[in-house]
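Worksheet for the structure shown next.
We use all heavy atoms of the structure for the numbers below, so side chains are in, but hydrogens, waters and symmetry mates are not. Residue numbers begin at 1 in each chain, while the letters A, B, ... track the order of the sequences.
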There are 2 protein chains.
Amino acid sequence: MQTDGIDKKLLALLQDDSKRTNKELAGKLGLSVTAVYERIRKLERAGVISKYVALVKPEKVDRSFTAFCMIKLVQHTKKNVTGFESQVAKLTEVLEVFHVSGEYDYILKVMVKDMEAYREFMLNKLTALEHIGSTQSTFVINPVKNTTVLSI
Amino acid sequence: MQTDGIDKKLLALLQDDSKRTNKELAGKLGLSVTAVYERIRKLERAGVISKYVALVKPEKVDRSFTAFCMIKLVQHTKKNVTGFESQVAKLTEVLEVFHVSGEYDYILKVMVKDMEAYREFMLNKLTALEHIGSTQSTFVINPVKNTTVLSI
DNA sequence: ATTTTTAGCAGGTATTTTTTCCGCTTATGA
DNA sequence: TCATAAGCGGAAAAAATACCTGCTAAAAAT
């Protein structure tokens, strides 16, 4: 499918606040409510919009300690890779996992309550996984920006 | 405010899919529609739920090339830091910016179309910023997990 | 060049959902 | 023990979504 300028604006608005009503969107876009409705349905069906979610403030639920954990595997067999990936993806403290180029194999973004919780996470959850060679942790001093918005 | 077990379940459900109706939530939680409605309002007012957003699939809008960019500043004066932070936060290609401990000062998550777009971004946008000492880029080979859900 | 087809949109309506109101019950504290 | 407040359920009102019909303009076909 192709997205025109109106679709781009619509996506920007919905990425910023998905609770806007079709009426409000129609006003901002200069369209009728029906037109907005159909454009949104089309974007959903095409998979451009993958889901709608509520975002929770980390500090309100004791998850404001963020760390990046870089990981090297011991050996890169296919079995090791898929095994490690499926296991690490299950850890709820780990919000993001990326297989990356460079010195380390994986970058993990981990969110927990505090340093003590991070220590426990490393000890009992992460290093309990098989195939891990070495790790290196980098701690977030200040989250300057953290958005889900893709500017299109 | 304090959140009980039902609130935790409710937050889990809304973080997964904010389009669930109060009726559906009421069924899953064993409450009335009104009770669900009031719990959600309370979580919103307390700032536990910060916002509702639509998530867009990167590959559908030509933003599936992801890189982490580590940055060192030339000098750590307060002016440099706040200047750099406010400028880098404006770049739409940069979804996340963290001031971190360790060898580098900042970690950026950058999403663009492809390597060529990344090269242009580095050349024209990022290194155009003042105060940057050195950078190091790490490229994502495979995004294994990428969620916004805080498990509470 | 003319007709046919299709895509996108507006207006109206039915359906669903959200929001509000009211009263009941239970826990809390004076 | 009584007063107060918090949380909940049910019902009604308000609002939003989903659907239907028909119009128009652009694209495709003859």
Side-chain angles (χ1 to χ4, degrees), chain A residues 1-63 113 147-152, chain B residues 1-63 113 147-152:
Chain A
M1 80 163 279
Q2 52 183 355
T3 57
D4 62 8
I6 295 177
D7 281 334
K8 289 186 211 301
K9 274 191 196 173
L10 181 52
L11 286 171
L13 290 165
L14 290 175
Q15 284 187 98
D16 177 63
D17 179 5
S18 62
K19 275 284 196 281
R20 291 187 218 267
T21 64
N22 292 341
K23 193 173 161 188
E24 182 188 344
L25 295 168
K28 286 186 193 295
L29 298 172
L31 289 179
S32 71
V33 172
T34 304
V36 170
Y37 174 73
E38 284 177 355
R39 277 174 180 266
I40 293 174
R41 297 262 351 225
K42 195 167 136 193
L43 290 165
E44 289 168 356
R45 277 198 310 270
V48 177
I49 296 174
S50 59
K51 63 191 314 202
Y52 297 90
V53 302
L55 298 182
V56 168
K57 271 223 183 74
E59 56 268 34
K60 297 285 184 179
V61 294
D62 276 343
R63 293 288 182 283
K113 183 181 180 190
T147 183
T148 55
V149 177
L150 292 177
S151 181
I152 309 163
Chain B
M1 80 165 279
Q2 52 182 354
T3 58
D4 63 8
I6 295 178
D7 281 335
K8 290 187 211 299
K9 275 191 196 172
L10 181 53
L11 286 171
L13 290 166
L14 290 176
Q15 284 187 97
D16 177 62
D17 179 7
S18 62
K19 274 284 196 281
R20 292 187 218 267
T21 64
N22 292 340
K23 193 174 163 187
E24 182 188 345
L25 295 168
K28 286 185 193 294
L29 298 171
L31 290 177
S32 70
V33 172
T34 304
V36 170
Y37 173 75
E38 284 176 356
R39 278 174 180 265
I40 293 175
R41 296 266 344 231
K42 194 167 137 192
L43 290 166
E44 289 169 354
R45 277 198 309 271
V48 178
I49 296 174
S50 60
K51 63 191 316 201
Y52 297 90
V53 301
L55 298 183
V56 168
K57 271 223 183 73
E59 55 269 33
K60 297 286 184 178
V61 293
D62 277 344
R63 293 286 182 287
K113 184 183 181 190
T147 183
T148 56
V149 178
L150 292 176
S151 180
I152 310 164

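If you take CG of A:Leu31 and P of C:dC9, they are 6 Å apart, rounded to a whole angstrom. Between A:Leu10 atom CG and C:dG8 atom P the separation is 14 Å, expressed in whole Å. Here the P atom of nucleotide C:dT17 and the NZ atom of A:Lys19 are 13 Å apart, to the nearest Å. The distance from atom CD of B:Glu38 to atom P of C:dT18 is 14 Å, rounded to the nearest whole Å. Atom P of nucleotide D:dA18 and atom CZ of A:Arg45 are separated by 12 Å, given to the nearest angstrom.
Between C:dT17 and B:Arg20, no contact under 4.0 Å exists linking OP1 or OP2 to a side-chain N or O. For C:dT20, one of the phosphate oxygens OP1 or OP2 lies less than 4.0 angstrom from a side-chain nitrogen or oxygen of B:Arg41. Phosphate contact (OP1/OP2 of D:dT17, side-chain N/O of A:Asn22, threshold under 4.0 Å): present. Between A:Arg39 and C:dC9 there is a side-chain polar atom (N or O) within less than 4.0 angstrom of OP1 or OP2.
In this structure, A:Thr21 reaches the sugar-phosphate backbone alone: every heavy-atom distance under 4.0 Å involves primed, P, OP1 or OP2 atoms, never a base. Within 4.0 Å (heavy atoms only), B:Thr34 reaches at least one base atom of the nucleic acid. Residue contacts for A:Lys42: at a heavy-atom cut-off of 4.0 Å it reaches the sugar-phosphate backbone alone, with no base atom in range.
Contact annotation: the side chain of A:Thr3 never approaches that of B:Val61 to less than 4.5 Å [non-hydrogen atoms, C-beta and beyond].
Counting heavy-atom neighbours within 6.0 Å of B:Lys23 NZ, excluding the residue itself, gives a total of 12 or less.
When distances run from any side-chain atom of A:Ser32 to the nucleotides C:dC9, D:dT17, D:dG9, the shortest one goes to C:dC9.
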